[in-house]
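The next block holds one structure in the form of structure tokens; read it before the comments.
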Amino acid sequence: MGHTIRDIATALGAEAEGNLDLIVTHAAEPAGAGPDALALAMDPRYAEGLARGAARAAMLWQGADWRAMGLQAAIFAPRGRLAMAGLSRIFDPGPEIAPGIHPLTVIDPTAELAEGAAVGPFVTIGRGVRIGPRARIASHVSIAEGAVIGADALILQGARIGARVRIGDRVICHPGAVIGADGFSFVTPEKSGVEEIRETLGERAEIRAQSWVRIHSLGSVSIGDDVEIGANSTIDRGTIRDTSVGSGSKLDNLVHVGHNVQVGRDCLLCGQVGIAGSSRIGDRVVLGGQVGVSDNIFVGDDVVAGGATKIRTNAPAGRVLLGDPAVKMETQIEIQKAMRRLPRMAATVAELQKAVSNKGQSD
Amino acid sequence: MGHTIRDIATALGAEAEGNLDLIVTHAAEPAGAGPDALALAMDPRYAEGLARGAARAAMLWQGADWRAMGLQAAIFAPRGRLAMAGLSRIFDPGPEIAPGIHPLTVIDPTAELAEGAAVGPFVTIGRGVRIGPRARIASHVSIAEGAVIGADALILQGARIGARVRIGDRVICHPGAVIGADGFSFVTPEKSGVEEIRETLGERAEIRAQSWVRIHSLGSVSIGDDVEIGANSTIDRGTIRDTSVGSGSKLDNLVHVGHNVQVGRDCLLCGQVGIAGSSRIGDRVVLGGQVGVSDNIFVGDDVVAGGATKIRTNAPAGRVLLGDPAVKMETQIEIQKAMRRLPRMAATVAELQKAVSNKGQSD
Amino acid sequence: MGHTIRDIATALGAEAEGNLDLIVTHAAEPAGAGPDALALAMDPRYAEGLARGAARAAMLWQGADWRAMGLQAAIFAPRGRLAMAGLSRIFDPGPEIAPGIHPLTVIDPTAELAEGAAVGPFVTIGRGVRIGPRARIASHVSIAEGAVIGADALILQGARIGARVRIGDRVICHPGAVIGADGFSFVTPEKSGVEEIRETLGERAEIRAQSWVRIHSLGSVSIGDDVEIGANSTIDRGTIRDTSVGSGSKLDNLVHVGHNVQVGRDCLLCGQVGIAGSSRIGDRVVLGGQVGVSDNIFVGDDVVAGGATKIRTNAPAGRVLLGDPAVKMETQIEIQKAMRRLPRMAATVAELQKAVSNKGQSD
């Protein structure tokens with residue numbers, strides 16, 4: 001399925017020059033691009049690749065001399081990655097999910113599927129579930145009793161939607177994600193060693209046998225609009241109120257969001273991030289891969305944490321964090337420099353000690 | 001489905017006052033509680049919320065003046081979180097799994113399903129599997145040949161139970177958990193670089209090409225009674241003997257337990273914990289989120305490790321650990337304080353060095 | 001199913017002595033071995049266990065006096081773990097996947113299944129998929145449109161194979177793995193705070209509202225031959241070109257490989273490793289459990305990183321790394337020693353400062 005250069009430029013709101021009727025069928029890296037491809041070369045350093053490839057059209061940096069490159073048409077992208085977003089949307093064929101309801105499904109008669117909803121094979125849909133207009137449910141998905149799926153949502157293969165989970169419009173839930181498993185919440189009949197250690201920062205009176213009694217999750221999970229949940233990520237139910245993820249937030253793969261957590265709007269949680277129970281994450285927070293957030297803390301709006309940062313205490317709005325425990329990024333960079341010099345500094349201190357002590361004796 | 005205040009108090013072994021015949025249908029946070037809810041306000045700081053809500057009954061802290069709060073009935077909880085456990089059990093409707101065996105299942109004729117076992121749609125059960133009385137198997141689960149599932153177990157959507165895995169009574173296995181995948185065990189025909197580095201702590205004679213030969217897992221996995229396995233967690237088979245998890249232990253989501261690992265009884269492994277092959281974890285061990293345990297080590301009974309701690313060597317019983325590498329929590333807190341002051345200390349040392357050197361020259 | 005000692009020794013290329021016609025049915029640890037077992041005692045420290053067990057045959061260390069141990073036959077293993085690999089292959093019955101195509105499957109008529117391919121129940125296979133000879137697809141797997149699965153591949157329960165993913169020969173894909181979910185790639189219409197922070201290492205001009213626009217993944221995933229992908233691991237599609245994993249590489253459970261990442265040949269990625277987008281990993285790289293690799297960096301051939309190492313910058317070939325940020329292992333061990341002494345050193349520096357300052361005054 002091809003598109004003309006004109007149509008692509010119009011869709012991107014970008015300028016184009018040359019043969020605007022030229023049709024391209026896909027996007028490609030410059031060096032490997034064939035004559036039907038739109039080569040992506042939004043930076044002058046790709047010029048050489050272009051020369052090696054066989055593209056007739058390219059998306060280029062502002063001011064590039066496309067004719068000199070032997071091209072027949074060019075699109076100019078003022079902000080390359082944003083153009084990439086539009087372009088990738090145009091060329092993405094999307095998952096093939098047949099329209100209608102596949103016969104090999106188990107759908108409770110009380111479930112309501114709105115117009116245009118599609119349901120793939122081996123899907124189960126429980127009592128009272130409501131599926132929004134044009135929502136697509138891929139194969140092997142389970143949607144438990146009382147869940148609500150928004151309009152145009154895309155629930156991919158083998159995702160697990162728990163009871164009474166509410167998912168907004170245009171949400172994408174990637175394969176294997178589990179939304180609405182029970183929270184990890186247990187209590188011991190007597191005060192546990194862990195509770196004592198938390199109160200005393202490391203001490204406990206005595207060690208006792210203890211077994212864990214389960215606190216069931218009566219709440220569920222609420223997901224806003226335009227959210228993405230990555231493959232094999234997990235979001236647990238709340239104890240009383242719902243665990244929630246605000247509209248526009250994106251979660252990568254293998255992310256864990258504990259019970260009662262509230263994630264704000266337009267956040268990015270990268271791969272393998274873990275947020276422990278009852279913490280609150282503000283709006284527009286960006287957590288790098290493998291970041292950990294302790295339980296019952298608050299991470300303010302616009303906080304950005306570098307990969308593998310461990311946030312153990314409340315973080316004020318706008319703070320840029322790095323390290324374990326998380327400190328301001330510039331502080332952490334200073335600490336890291338000092339740490340690398342630490343063995344040498346230890347030697348210096350030992351020498352100084354000797355020198356000063358000798359002086360004391362020689363005085 | 002409602003419960004009287006009397007019945008709830010009796011079930012919790014708690015005291016109640018006021019109109020004990022009042023019926024409540026669910027639990028709620030104080031501020032959002034309607035007239036049919038039991039408001040949860042086990043601490044005086046929730047008093048204000050109660051005033052804003054419309055609850056007629058509440059679970060309150062000891063000695064609270066419920067009449068003055070405009071309530072008609074009150075339950076008193078001496079230990080709030082424990083009461084929460086009982087209460088949440090009363091109000092949790094549990095997953096809706098229809099009784100009996102769904103027709104859209106593939107069950108080997110040699111499998112034995114005890115009385116009261118329920119099997120949802122799209123489930124596969126292999127040769128010689130034994131399912132205990134009243135066990136419930138939700139949709140999309142696969143149970144491979146020779147596995148044994150205990151009485152009253154709950155195996156949730158899409159969980160994967162491998163061949164010959166044994167699961168105890170009352171175990172809850174959350175969606176997407178994989179119990180009994182092959183261990184990650186490979187060997188090179190010649191001694192590998194990694195083996196050399198382990199022996200020499202960082203040196204290796206020369207770098208050689210090497211490819212990995214698979215050590216198959218002949219053992220399986222044994223899970224005790226009353227265990228919970230979190231969503232998308234993985235527990236690998238043992239090489240010869242079984243990997244094992246002791247009774248009463250609870251694993252959160254996305255936890256990885258390597259081959260041959262032995263986890264003791266009544267442990268808590270929080271989200272994203274990873275335990276490498278052949279390590280042994282004692283009883284009542286608590287590992288915070290993202291903790292890592294190296295392979296072939298021993299973590300003693302009652303060890304508690306804070307979030308993201310990396311346990312790289314044997315840990316004696318009762319030790320409270322934090323940091324990477326794990327040290328006693330109080331030591332780690334001292335280290336962290338010193339680290340934050342490290343850049344300043346480096347400057348001080350430089351000044352001292354200068355001062356002492358000047359003195360030496362001026363003497 | 002038993003094997004004679006002769007056959008086992010021949011298969012392993014090992015020497016054997018005693019009654020070579022003795023038949024053993026399985027391998028066992030020495031102390032628990034019955035008369036039908038081959039006891040595994042490749043090290044003298046297992047001699048005592050052998051004495052307690054009832055084995056008649058054992059795999060022993062070179063030079064062991066098997067007659068004195070009361071055995072009837074012995075196999076001698078020059079390199080124990082390698083012998084273990086061969087032995088485990090002999091005794092592993094493998095997963096029971098019935099030959100042929102199960103009727104409860106949904107297979108697109110355009111899909112091509114080569115001779116000897118087996119497909120379990122509740123599998124979906126999309127348009128134009130090609131499955132290689134003797135490949136085995138276990139229950140609940142989904143294989144999306146255009147994917148290619150190599151000869152003798154083993155795709156286990158509930159694995160998700162995305163559109164146009166190519167998987168080589170003899171690949172093993174463990175339960176719940178997701179290969180070919182969309183990459184985690186988003187862009188803001190204006191330059192985002194995160195971009196600014198990256199450029200300035202921690203500063204940003206002002207905090208602005210921003211929402212994320214999706215960059216779709218037009219590439220797919222290419223997996224070489226003889227690769228293993230662990231349970232619930234995830235490998236995302238590339239943006240334009242494919243994300244790739246080279247032949248012979250092995251990924252453990254819960255590993256995350258981001259979009260555009262290139263993993264070389266014969267690598268080992270242990271449990272919960274995360275590799276952020278567009279990074280390149282060389283050949284024969286070994287990453288310990290919970291290692292993190294930042295985006296857009298290069299990790300050279302033969303790099304070995306200890307568990308929980310965070311690789312934030314390019315790593316030269318052959319480097320042995322440890323710590324966060326990753327440094328040479330020997331440097332990290334020095335840093336760790338110095339860190340443990342840090343609180344004491346801080347006290348020493350304070351005393352020195354006092355001493356030097358007093359001296360200055362008393363001079």
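Only this structure's heavy atoms are used, side chains among them; waters, hydrogens and symmetry mates stay out. Naming convention: chains lettered A, B, ... in sequence-line order (proteins, then strands); numbering from 1 in each chain.
- Proximity to chain B is limited to the side chain of A:Thr348, based on heavy atoms less than 4.5 angstrom apart.
- When heavy atoms are compared at a cutoff of 4.5 Å, B:Gln336 approaches chain A solely by way of its side chain, counted from C-beta outward.
- Aromatic ring orientation, B:Phe122 versus B:His140: tilted (interplanar angle from 30° to 60°).
- Proximity to chain B (any heavy atom under 4.5 Å) is restricted, for A:Val291, to the backbone atoms N, CA, C and O.
- Scanning all heavy atoms of the two residues, the minimum distance from B:Cys270 to B:Gly289 falls at CB-N, 3.4 Å.
- Within the 4.5 angstrom heavy-atom criterion, only side-chain atoms of A:Arg160, from C-beta onward, approach chain B.
- Considering only heavy-atom pairs separated by less than 4.5 Å from chain A, the leading option among B:Lys328, B:Arg89, B:Met345 is B:Arg89.
- B:Arg265 CZ: 12 or fewer foreign heavy atoms inside a 6.0 Å radius.
- For A:Thr188, the parts lying under 4.5 angstrom from a heavy atom of chain B are both the backbone and the side chain.
- With a 4.5 angstrom heavy-atom cutoff, B:His102 touches chain A only via side-chain atoms.
- For a residue to count as touching a neighbouring chain, one of its non-hydrogen atoms must lie under 4.5 Å from one of that chain's; by this rule A:Ile335 touches chain B with backbone and side chain alike.
- Among the candidates A:Asp324, A:Ile240, A:Thr331, the residue making the largest number of heavy-atom pairs closer than 4.5 Å to chain B is A:Ile240.
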- request: Kindly determine whether B:Thr234 and B:His256 satisfy side chain to side chain donor-acceptor pair (under 3.5 Å), including the steps that lead there.
  value: CA-CA 5 Å; B:Thr234 61; B:His256 168 61; 3.2 Å; yes
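- Note on B:Pro95, B:Gly248, B:Pro121: by heavy-atom pairs under 4.5 Å with chain A, the leading option is B:Pro121.
- No other option in B:Met84, B:His174, B:Glu228, B:Met339 has as many heavy-atom pairs under 4.5 Å with chain A as B:Glu228.
- Heavy-atom distances place no part of A:Ile275 under 4.5 Å from chain B, backbone and side chain included.
- For chain B, no part of A:Glu351 is nearby; none of its heavy atoms comes within less than 4.5 Å.
- For chain B, no part of A:Arg341 is nearby; none of its heavy atoms comes within less than 4.5 Å.
- Of the listed residues (B:Leu268, B:Leu104, B:Asp301, B:Leu251), the one with the most heavy-atom contacts under 4.5 Å to chain A is B:Leu268.
- For the pair B:Glu334 and B:Lys337, the salt-bridge criterion is met [side-chain N within less than 4.0 Å of a carboxylate O].
- In this structure, chain B has heavy atoms under 4.5 Å from both the backbone and the side chain of A:Leu254.
- Considering only heavy-atom pairs separated by less than 4.5 Å from chain B, the leading option among A:Asp236, A:Val213, A:Leu342 is A:Asp236.
- In this structure, chain A has no heavy atom under 4.5 Å from any part of B:Ile97.
- Residue contact with chain B, scored on non-hydrogen atoms closer than 4.5 Å, is absent for A:Asp295.
- At least one donor-acceptor pair under 3.5 Å links the side chain of A:Thr110 to the backbone N or O of A:Gly128.
- Of the atoms belonging to A:Val327, it is side-chain heavy atoms, and not backbone ones, that fall under 4.5 Å from chain B.
- Note that CG of A:Leu287 is 9.0 Å distant from CG of A:Leu321, once rounded to the nearest 0.5 Å.
- Comparing B:Leu156, B:Asp252, B:Ile333 by how many heavy-atom pairs each has under 4.5 Å with chain A, the most go to B:Asp252.
- For B:Val349, the parts lying under 4.5 angstrom from a heavy atom of chain A are both the backbone and the side chain.
- Contact count versus chain B (heavy atoms, under 4.5 Å) is highest, among A:Ala144, A:Gly277, A:Ala181, A:Gly274, for A:Gly274.
- Within the model, atoms CG of B:Asp302 and CZ of B:Arg284 stand 4.0 Å from one another, a figure rounded to the nearest 0.5 Å.
- The most heavy-atom pairs under 4.5 Å with chain A, out of B:Gln353, B:Met329, B:Lys250, come from B:Lys250.
- To the nearest 0.5 Å, atom OG of residue B:Ser249 and atom CG of residue B:Asp283 are 7.5 Å apart.
- Using a 4.5 Å cut-off between heavy atoms, A:Val273 contacts chain B through its backbone alone, with no side-chain atom that close.
- One finds no salt bridge joining A:Arg127 and A:Asp108 here, because no Lys/Arg side-chain nitrogen approaches an Asp/Glu carboxylate oxygen to under 4.0 Å.
- Ionic pairing of A:Arg164 and A:Asp242 is not present here: no N-O contact between side-chain nitrogen and carboxylate oxygen is shorter than 4.0 angstrom.
- Residue B:Asn232 holds its CG atom at 4.5 Å from CG of A:Asn232, rounded to the nearest 0.5 Å.
- With a 4.5 angstrom heavy-atom cutoff, B:Gln290 touches chain A only via side-chain atoms.
- Surrounding OH of B:Tyr46 are at most 12 heavy atoms belonging to other residues, nucleotides or ligands under 6.0 Å away.
- Distance check, rounded to the nearest 0.5 Å: CD1 of A:Ile155 to CD1 of A:Ile229 gives 9.0 Å.
- One distance of note links OG1 of A:Thr309 with CG of A:Leu322; it measures 4.5 Å at 0.5 Å rounding.
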